[in-house]
Amino acid sequence: MAFTIAVDGPAASGKGTISKALARELGFAHLDTGLLYRAVGRKVLDGVDPLEAAQALLAEDLENDALRTPEVAQAASKVAVLGDVRAALVDFQRAFARRAGGAVLDGRDIGTVICPEAEVKLFVTASAEVRAERRFRELSEKGIETSFDEVLADVRARDERDMGRAEAPLKPAEDAVHIDTSRLDVDAAFQAALAAVREKQEAQS
Ligand code: DC
C-alpha cells in the first residue's frame, strides 16, 4: 500500500535526519530530493546546460559525497529556480512517493507541489542561527574550512532564494504539522514527527 510522508523545510532544519529516522522506523523508502537539485547544480558548475543535466540525471549521480559542499548547495538553489528544471524532476519524485510499501520524501515543495495528497505532511523549521551553527559544525567535522558568519550568510541567501522564487517556493502546506527543532534534540524531533505519523495511521485504520 502507498503511504507518503512529505517533509519540507529550510536548509539544516533537521528534516533530513527526521526523514531518515522515520524511514528506518517504519520500513519506508527515503528520497532526499535536495540531492536531485544538487546533482544538477554540480553538472552546471562543470558547464552542462541545466535542463540537459536534469533530463539526463541518473540514480548513480545522487551517490556522490561531492554534492555536500556549500558551493554545490548554492548551485542547487540557483538551478531550483528554473521551472523547466523542476518540471523535468517531477515524474521521478511522484513515482517514488507512491511506491508500494511507503515513502518519505524530504525537500522544499513535497507537500505543496510534488505530493499534495501525501498522508502526512511535516514542516520542519529552526532559527537561521541554530541552522547555521549545525551546518558549521558538520562542515568543520568534514574538514571543510569556513566560518560561522560565512555559513550564516549562506543559509540566509538560500532561504531567501528558496522562499522567494515564483516556482514551487518553500512554504508549509496548509495541513502540515509544524515542528520547530531549535530547542529539540534529535530524538525529541523524531518523536514529534513519529507522533504525527502514528496519529494519521490510527485514523486510517
Ligand atoms: O535540501 P538541500 O539543502 O540539499 O537542497 C539544496 C537546494 O535544492 C535547496 O537550496 C533548494 C533546492 N531544492 C528544491 O528547490 N526543492 C526540493 N524539493 C529540494 C531542494
* Check the pair L57, V40 against side chain to side chain contact (heavy atoms under 4.5 Å, CB included), reporting the backbone distance first and the verdict last. => CA-CA 7 Å; L57 208 62; V40 174; 4.2 Å; yes
* **Derivation of the side chain to side chain contact (heavy atoms under 4.5 Å, CB included) call for E25 and V197** => CA-CA 11 Å; E25 173 75 20; V197 175; over 6 Å; no
* Show the numbers, then the answer: is there a side chain to side chain contact (heavy atoms under 4.5 Å, CB included) between R198 and L26? => CA-CA 10 Å; R198 294 289 188 217; L26 301 164; 3.5 Å; yes
* Given R68 and E138, is the side chain to side chain contact (heavy atoms under 4.5 Å, CB included) satisfied, shown in steps? -> CA-CA 10 Å; R68 298 280 176 200; E138 260 171 43; over 6 Å; no
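Counting only heavy atoms from C-beta outward, the side chains of Q74 and R158 approach each other to under 4.5 Å. Counting heavy atoms from C-beta outward, F3 and V120 have side chains that approach closer than 4.5 Å.
Classified by interplanar angle (parallel below 30°, tilted 30° to 60°, perpendicular above 60°), the ring pair H178/F123 is tilted.
Hydrophobic cluster membership differs between V85 and L170, with clusters built from Ile, Leu, Val, Met, Phe, Trp and Tyr side chains linked at under 4.5 angstrom. In the hydrophobic cluster analysis, where Ile, Leu, Val, Met, Phe, Trp and Tyr join through side-chain heavy atoms closer than 4.5 angstrom, L62 is grouped together with V90. The hydrophobic clustering, which links ILVMFWY residues whose side-chain heavy atoms are closer than 4.5 Å, places L89 and F96 together. In the hydrophobic clustering of this structure, L194 groups with F28; members are Ile, Leu, Val, Met, Phe, Trp, Tyr whose side-chain heavy atoms approach within less than 4.5 Å, directly or through other members. Put simply, F92 and L35 are part of the same group of oily side chains (I, L, V, M, F, W, Y) that touch within less than 4.5 Å, one to the next.
One finds no salt bridge joining R135 and D154 here, because no Lys/Arg side-chain nitrogen approaches an Asp/Glu carboxylate oxygen to under 4.0 Å. Using a 4.0 Å cut-off between charged side-chain N and carboxylate O, D175 and K200 make no salt bridge. A salt bridge between E129 and R156 is present, with a side-chain N of the basic residue lying under 4.0 Å from a carboxylate O of the acidic one.
At least one donor-acceptor pair closer than 3.5 Å links the side chain of R94 to the backbone N or O of I114. N64 places no side-chain N or O within donor-acceptor distance of the main-chain N or O of D61, the cut-off being under 3.5 Å. At distances below 3.5 Å, at least one donor-acceptor pair connects side-chain atoms of R165 with backbone N or O atoms of A168. Checking side-chain atoms of R86 against main-chain N and O of V81 turns up no donor-acceptor pair under 3.5 Å. No donor-acceptor distance shorter than 3.5 angstrom exists from the side chain of T4 to the backbone of E119, with no hydrogens or angles considered. R38 places no side-chain N or O within donor-acceptor distance of the main-chain N or O of A76, the cut-off being under 3.5 Å. In this structure, R131 contributes its side chain and A11 its backbone to a donor-acceptor pair below 3.5 Å. Side chain of D8 to main chain of G111: a donor-acceptor pair is present (N/O by atom type, distance under 3.5 Å, no hydrogens or angles). Judged by distance alone, with hydrogens and angles left aside, the side-chain atoms of T181 form a donor-acceptor pair with the main-chain N or O of T125 at under 3.5 Å. K20 places no side-chain N or O within donor-acceptor distance of the main-chain N or O of H30, the cut-off being under 3.5 Å.
Rounding to the nearest 0.5 Å gives a distance of 5.5 Å between CD of Q93 and CG of L36. Between E167 atom CD and D109 atom CG the span is 10.0 Å, to the nearest 0.5 Å. Here the CG atom belonging to D162 is positioned 5.0 Å from the CZ atom belonging to R108, to the nearest 0.5 angstrom.
No hydrogens or angles considered: nothing links the side chains of T17 and R134 as a donor-acceptor pair under 3.5 Å. The closest side-chain donor-acceptor pair between S182 and D180 falls under 3.5 angstrom.
The two atoms that bring L139 and P70 nearest to each other are CD1-CG, 3.9 Å, heavy atoms only. Scanning both residues, A189 and I179, for their nearest heavy atoms gives O-CD1, 4.4 Å. The nearest pair of heavy atoms linking A193 to L122 is CB-CD1, 3.7 Å. The heavy-atom pair separating S77 from R161 by the smallest distance is OG-NH1, 2.8 Å. When every heavy atom of S19 is checked against every heavy atom of V104, the shortest pair comes out as CB-CG1, 3.6 Å. Closest heavy-atom contact between A173 and K121: CB-CD, 3.6 Å.
Put simply, the residue from L31, D32, V7, I5 that forms a side-chain contact (heavy atoms from CB on, under 4.5 Å) with L105 is L31.
In E117, the CD atom is crowded: over 12 heavy atoms of neighbouring residues, nucleotides or ligands sit closer than 6.0 Å. The environment of E174 atom CD is sparse: at most 12 non-hydrogen atoms of other residues, nucleotides or ligands sit within 6.0 angstrom. Other residues, nucleotides and ligands place no more than 12 heavy atoms under 6.0 Å from the CG atom of D65.
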